Protein chains: 2
Amino acid sequence: MENSAENVRSQMRKGVLEYCILSILDKKEAYASSILEELKAANMIVVEGTLYPLLIRQKNQGLLSYRWEESTQGPPRKYYCITDKGRQQLGEMDTAWQEIVDTIKTIKEK
Amino acid sequence: MENSAENVRSQMRKGVLEYCILSILDKKEAYASSILEELKAANMIVVEGTLYPLLIRQKNQGLLSYRWEESTQGPPRKYYCITDKGRQQLGEMDTAWQEIVDTIKTIKEK
DNA sequence: TTAGGTACTTTGTCTTGCAAGGTATTTAAA
DNA sequence: TTTAAATACCTTGCAAGACAAAGTACCTAA
């Protein structure tokens, strides 16, 4: 029911995942499994059941688009790429993130 | 259904609220309305319907305790105060928060 | 033709945030 | 004296998101 340390991290991840996805795709297009790897490499543990629905949501919101591409090493891959609308939202997220970081700083310092 | 800018902020706030509460109460005891004011002052908009259940949850987890105190200016106040267990969890949250900040930095820089 | 790897998807549960509405106490005006 | 306003705290019902677990599909090589 509660695994303190891991649960704490899990809760905090909420809300920044979308920001991470857009940031990753702002650099270059990528397919789900590779995004998953980059997130894990950056210490942001996510699982498939979280990532796939999230990508679909962002695509439905017009923040992402995708195209299928054959792979030489298995089934075809769905390459996602950020849209203009996605880039605009990413800008808002950059601001929002900075605000939250500052808010925490304010609360801790006072 | 969607108010982009505000929605973005709202999503990101998720998961850091508990951290904010513990941080505030780590400095000195306080009652709900005053916590609400401090959060608003720090730009972390929260509403009563979010804060009260959260305080109750943290109290039930043994992270907080409280005592009633009469007020000269209205109804009695429920003063919350952080417990040893709460301080321990706050330590874990400090680490988790720093990790997430670093993760975002890593993703953005690469 | 079967096993293993790669990749994408769905379902059900739990937690959290929030809008909206409710209860209770005190003080001061009408 | 009753009414209104301010201060506090609490509850209900809904929506969104994270995750575990299970499922589907494609490809390659033994």
Side-chain angles (χ1 to χ4, degrees), chain A residues 1-4 6-21 29-40 44-61 63-64 66-80 96 100, chain B residues 1-4 6-22 29-40 44-61 63-64 66-80 93 96 100:
Chain A
M1 186 201 271
E2 192 188 338
N3 174 347
S4 190
E6 197 35 55
N7 194 53
V8 160
R9 280 167 181 71
S10 165
Q11 286 310 311
M12 284 192 174
R13 278 195 293 268
K14 289 188 185 179
V16 294
L17 261 181
E18 298 195 14
Y19 181 42
C20 291
I21 306 301
E29 62 173 10
Y31 59 102
S33 298
S34 68
I35 294 174
L36 212 53
E37 273 171 37
E38 176 159 355
L39 286 171
K40 278 178 183 158
M44 177 76 67
I45 291 88
V46 195
V47 293
E48 293 187 324
T50 298
L51 183 64
Y52 282 96
L54 199 159
L55 287 171
I56 290 166
R57 277 201 305 277
Q58 292 189 317
K59 185 252 157 192
N60 289 339
Q61 286 170 26
L63 308 177
L64 305 179
Y66 69 81
R67 62 181 175 76
W68 285 100
E69 187 172 306
E70 296 300 316
S71 164
T72 54
Q73 291 265 349
R77 297 165 173 174
K78 209 171 179 177
Y79 275 84
Y80 283 93
I100 287 178
Chain B
M1 186 203 269
E2 191 187 339
N3 174 348
S4 192
E6 196 35 54
N7 195 53
V8 159
R9 280 167 182 72
S10 165
Q11 284 309 311
M12 284 194 174
R13 280 197 290 269
K14 288 188 183 176
V16 295
L17 261 181
E18 298 195 15
Y19 181 42
C20 290
I21 307 299
L22 288 186
E29 61 173 12
Y31 60 102
S33 298
S34 67
I35 294 173
L36 212 53
E37 273 170 38
E38 177 159 355
L39 287 171
K40 279 177 184 160
M44 177 73 67
I45 289 87
V46 196
V47 294
E48 294 186 324
T50 300
L51 183 64
Y52 284 95
L54 199 160
L55 286 170
I56 291 166
R57 277 202 303 275
Q58 293 189 316
K59 186 252 157 191
N60 289 339
Q61 285 168 26
L63 308 177
L64 305 179
Y66 69 80
R67 63 182 174 76
W68 284 99
E69 187 173 305
E70 296 299 318
S71 164
T72 54
Q73 292 264 351
R77 296 166 174 173
K78 208 171 180 177
Y79 275 85
Y80 282 93
M93 284 178 159
I100 287 178

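Throughout, protein chains are lettered first and strands after them, A, B, ... in sequence-line order, and every chain is numbered starting at 1. Small disclaimer: the values here were computed from a predicted structure and weren't measured.
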Calculate the interatomic distance between A:E70 atom CD and D:dA25 atom P; express it in whole Å. 17 Å

Which is more 5' along DNA chain D, the nucleotide nearest A:G49 or the one nearest A:T72? Just name the residue. A:G49

Is it the case that the ring center of A:Y31 lies less than 6.0 angstrom away from the ring center of A:Y79? yes

What is the distance, rounded to the nearest whole Å, between atom CG of A:L51 and atom P of D:dG17? 14 Å

Base, sugar-phosphate alone, or nothing: which one does A:E18 contact when heavy atoms must sit under 4.0 Å apart? sugar-phosphate

Protein and nucleotides 4-8 of chain C: nitrogen or oxygen contacts under 3.5 angstrom:
{"from": "C:dA7", "atom 1": "OP1", "to": "A:Y31", "atom 2": "OH", "distance (Å)": "3.2"}
{"from": "C:dA7", "atom 1": "OP1", "to": "A:R77", "atom 2": "NE", "distance (Å)": "2.7"}
{"from": "C:dA7", "atom 1": "OP1", "to": "A:R77", "atom 2": "NH2", "distance (Å)": "2.5"}
{"from": "C:dC8", "atom 1": "OP1", "to": "A:K78", "atom 2": "N", "distance (Å)": "2.9"}
{"from": "C:dC8", "atom 1": "OP2", "to": "A:S33", "atom 2": "N", "distance (Å)": "3.2"}
{"from": "C:dC8", "atom 1": "OP2", "to": "A:S33", "atom 2": "OG", "distance (Å)": "3.3"}
{"from": "C:dC8", "atom 1": "OP2", "to": "A:Y52", "atom 2": "OH", "distance (Å)": "2.7"}
{"from": "C:dC8", "atom 1": "N4", "to": "A:E48", "atom 2": "OE1", "distance (Å)": "3.2"}

Roughly how far, to the nearest 0.5 Å, is the OH atom of B:Y52 from the CG atom of B:L36? 7.0 Å

Does B:R57 place a side-chain N or O at less than 4.0 Å from the phosphate oxygens OP1/OP2 of C:dT15? no

A:K59 NZ to C:dT9 C1', in whole Å, measures 14 Å

Taken to the nearest 0.5 Å, the spacing of B:K78 NZ from B:E69 CD works out to 14.5 Å

If I take atom CD1 in residue A:I56 and atom P in nucleotide D:dG17, what distance separates them, rounded to the nearest angstrom? 13 Å

Which whole-number value in Å describes the distance from B:L36 CG to D:dC9 P? 10 Å

Here the gap from B:R57 atom CZ to B:L54 atom CG, rounded to the nearest 0.5 Å, amounts to 4.5 Å

Between A:M44 and A:V16, what is the shortest heavy-atom contact and its length? CE-CG2, 4.0 Å

CD1 of B:I21 to CG of B:L64, rounded to nearest 0.5 Å, is 8.5 Å

